[in-house]
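The first residue in the sequence is number 1, and the count goes up from there. We use all heavy atoms of the structure for the numbers below, so side chains are in, but hydrogens, waters and symmetry mates are not.
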Amino acid sequence: MKELIATTGPRPSPRVLLVNPTMTSQRNARFPLAVLSLSAVLDGKYPSTIIDGNIDRDFIATVLRAISETRVGAVGVTVMGGPQLRAAIAVSKAIRERAPTIPIIWGGAFPTICPEAALNTAYVDYAVRGQGEETFTQLLDALFDNATEALPSIFGLSWRPEREIVHNKARAFSVASLSRRLPYERLENPEQYPSRTYLGQRTVCYQAALGCRYRCTFCGVAAMFGGKTALPPADRLHEDLTFLTTRLGADAIQFYDHNFFDREVDMMPLFEVLAKFQLPWWCYARSDALLNLSEHSWGLVRKSRLRMAYIGAESPSDWLLHDIRKGIRPDQTLAAVEACHGHGVIPELSFMLGPPQDPEGETEKTLDFIHLIKRRYPATEIMIYIYTPLPPPPGSTNASVARTVSELRDCSGNPVVFPATADEWSEPQWHAYWCHSNAPWLSERLHQRIRDFTTVLGCRFPTIMDIRAPSLGKSALRALASWRYRYRKYNRPWELDLCKKIIQLRDPRVMSI
């Protein structure tokens, strides 16, 4: 009778593999928040297995082994552009070769912004745009129930019924994930993720709020969340921080909120929770939001031990800040830097060099602005990127992004044509574009000047985040770079490049704190 029951009972649900392809070194690995959120929403419906390529350096073999040994119904792959794209392509091609019938589903920033490029391949079946939890779950329901007639009604899905790519209606912003705790215990060894940083001995990453209410034209967050944001309940933040500190021994937090500081009245409960835990923390912030904080809130921020705020300064030009819809002014950047230093917070300013309208003139203006900031507030951290706007996603109503992209020209005056496939996006020149390290309208001379300035600046003011380079080596670099920085002699700093290699100075743009 037992055997009969076993054979006639309901068939177990197929397992879903959730893959976070490699994009950083194992030392810099952080919790794979995207696939953890997907695993949480699948609870009670489909069993899932998380495979993190930042920890498992042979993750493709692990994925193929899981397919061979278990009944896998679908594979979800989270994909950022740039370095993670290459690994995502590699694992997807391997899955397609080993198991051609298993659906491969991409989600994350890349398929949100470039769903056609993702689906113009033989190794991706579906692209999930924007927030993916509900779209992904509904897609699995349709696939596992053989209900393909339901696919056109799934918001946020792009798919290829035959040869034509179809983009379903965008999904509305959802706050549902703020009510779910992430299942850290489903990671193979969650205790290995906390890492030593300048914040603490066991720093963990965490995302409290969702989205950002601003619509900057260059930012992928605007494409992902459409100018919406939501903060978590204070008790949820308290519960999560309690778990991270008591179960995983966290002694510092790196917040991955796209814009941590929002309206002060909404932030107060979160400030109070952070002030209770007093864990050193890092976050993203806007200069205008910081300037709107009352002294009472700043008091809670100080008590909470905020160590660094990453602020998008972008440019010293009012016209460019207006053009990219940043919504701030250069004087607010300076005022926010002063406010941060006055309250014991290190501001980390990011700048975008080489805008296509006047790449050389605007770059020199920004370099002068950086000199001004460093002269007044030398402890300020500086992050330098190339301005590289991405194409608007399908159905976007942001005319500013469409206009900006349509006007892009390379050094020869030809229109910039973006890649049509994921494989093309993974080529070196477009990998550099996505990573904000080069652009078609930059001359080689200007590109070299930006590289040289970044080298001189980084040696004259080594980042506080680099806790592995020896102090003596940093001091030597400061002295060696001082004359170049003072007299603005950036050309070909070969001696600094050599010394950087010797002492293994780290670039803050390619490392996590």
Side-chain angles (χ1 to χ4, degrees), residues 24-25 27-28 196-199 282 307-316 333-334 337 340-341 345-354 359-360 362-387 432 435-439 442-513:
T24 187
S25 67
R27 174 185 290 176
N28 292 331
R196 178 172 171 261
T197 70
Y198 92 100
L199 292 174
W282 175 103
R307 290 291 180 257
M308 183 179 290
Y310 185 105
I311 303 169
E314 318 308 355
S315 170
T333 296
L334 292 173
V337 169
C340 284
H341 282 294
V345 178
I346 298 173
E348 184 181 10
L349 304 183
S350 68
F351 289 94
M352 303 186 308
L353 305 186
E360 295 201 8
E362 286 301 314
T363 293
E364 294 304 324
K365 189 174 181 179
T366 303
L367 301 190
D368 290 341
F369 192 56
I370 292 172
H371 267 270
L372 171 66
I373 292 170
K374 277 295 192 180
R375 184 167 64 250
R376 294 184 183 179
Y377 310 101
T380 302
E381 296 272 321
I382 302 294
M383 303 283 277
I384 292 175
Y385 300 98
I386 306 298
Y387 175 50
C435 294
H436 309 290
S437 59
N438 203 355
L442 292 189
S443 66
E444 180 54 38
R445 188 191 69 81
L446 179 56
H447 190 215
Q448 184 65 49
R449 181 164 178 79
I450 292 172
R451 286 199 302 262
D452 292 346
F453 173 80
T454 303
T455 296
V456 173
L457 179 71
C459 291
R460 177 64 184 86
F461 301 98
T463 175
I464 192 175
M465 293 183 285
D466 187 354
I467 60 174
R468 296 187 176 93
S471 298
L472 185 60
K474 287 184 178 180
S475 297
L477 275 177
R478 290 190 191 98
L480 195 60
S482 61
W483 74 271
R484 280 187 175 272
Y485 183 81
R486 180 178 180 182
Y487 296 108
R488 308 192 183 197
K489 302 293 184 182
Y490 313 131
N491 293 348
R492 305 293 179 178
W494 61 269
E495 75 285 5
L496 299 181
D497 286 327
L498 177 61
C499 290
K500 280 174 59 179
K501 291 181 180 179
I502 293 174
I503 72 167
Q504 298 181 0
L505 189 71
R506 305 179 79 204
D507 185 342
R509 296 172 299 177
V510 294
M511 62 181 256
S512 179
I513 62 171

Suppose we screen for side-chain contact (heavy atoms from CB on, under 4.5 Å). Which residues come up paired with [X], at least two apart in sequence or across chains?
{"X": "Ser482", "value": "Arg460"}
{"X": "Gln448", "value": "Glu444, Arg451, Asp452, Arg492"}
{"X": "Leu496", "value": "Thr455, Val456, Cys459, Leu477, Leu480, Ala481, Arg484, Pro493"}
{"X": "Ser350", "value": "Tyr310, Glu314, Met383, Tyr385"}

Could you give the distance from [atom1] ([X]) to [atom2] ([Y]), rounded to the nearest 0.5 Å?
{"X": "Tyr198", "Y": "Met465", "atom1": "OH", "atom2": "CE", "result": "7.0 Å"}
{"X": "Ile384", "Y": "Thr366", "atom1": "CD1", "atom2": "OG1", "result": "9.0 Å"}
{"X": "Thr197", "Y": "Asp466", "atom1": "OG1", "atom2": "CG", "result": "12.0 Å"}
{"X": "Ile464", "Y": "Arg307", "atom1": "CD1", "atom2": "CZ", "result": "9.5 Å"}
{"X": "Lys500", "Y": "Leu505", "atom1": "NZ", "atom2": "CG", "result": "6.0 Å"}
{"X": "Leu349", "Y": "Ile382", "atom1": "CG", "atom2": "CD1", "result": "4.5 Å"}

Minimum-distance pair of heavy atoms, taken over all atoms of [X] and [Y]:
{"X": "Ser437", "Y": "His447", "result": "O-NE2, 3.0 Å"}
{"X": "Gln504", "Y": "Ala469", "result": "O-CB, 4.3 Å"}
{"X": "Pro359", "Y": "Thr363", "result": "O-OG1, 2.6 Å"}
{"X": "Ile346", "Y": "Ala379", "result": "CG2-O, 3.6 Å"}

Partner set under side chain to side chain donor-acceptor pair (under 3.5 Å) for [X], not counting sequence neighbours:
{"X": "Asp368", "result": "Arg488"}
{"X": "Ser25", "result": "Asn28"}
{"X": "Glu362", "result": "Ser317, Trp319"}

Show your working on side-chain contact (heavy atoms from CB on, under 4.5 Å) between Arg506 and Thr463 and close with a plain yes or no.
CA-CA 8 Å; Arg506 305 179 79 204; Thr463 175; 5.9 Å; no
Sorted by chain and number, sequence neighbours left out, salt bridge (charged side-chain N to carboxylate O under 4.0 Å, His left out) with Asp497 holds for none
Sorted by chain and number, sequence neighbours left out, salt bridge (charged side-chain N to carboxylate O under 4.0 Å, His left out) with Arg27 holds for none
Scan for salt bridge (charged side-chain N to carboxylate O under 4.0 Å, His left out) pairs involving residues 468-480, sequence neighbours excluded, and state none if there are none.
none
Side-chain donor-acceptor contacts of residues 369-376 below 3.5 Å, not counting sequence neighbours, with atom names and distances?
from: His371; atom 1: ND1; to: Tyr485; atom 2: OH; distance (Å): 3.4
from: His371; atom 1: NE2; to: Tyr490; atom 2: OH; distance (Å): 2.8
from: Lys374; atom 1: NZ; to: Pro378; atom 2: O; distance (Å): 2.9
from: Lys374; atom 1: NZ; to: Thr380; atom 2: O; distance (Å): 2.5

Are any of the side-chain nitrogens in Glu360 or Arg449 under 4.0 Å away from the carboxylate oxygens of its partner?
no
Go through the steps for Ile311 and Thr333 under the test side-chain contact (heavy atoms from CB on, under 4.5 Å), then give the verdict.
CA-CA 8 Å; Ile311 303 169; Thr333 296; 5.6 Å; no
Inspect the surroundings of CG in Leu498 and state if more than 12 heavy atoms from other residues, nucleotides or ligands are less than 6.0 Å away.
yes
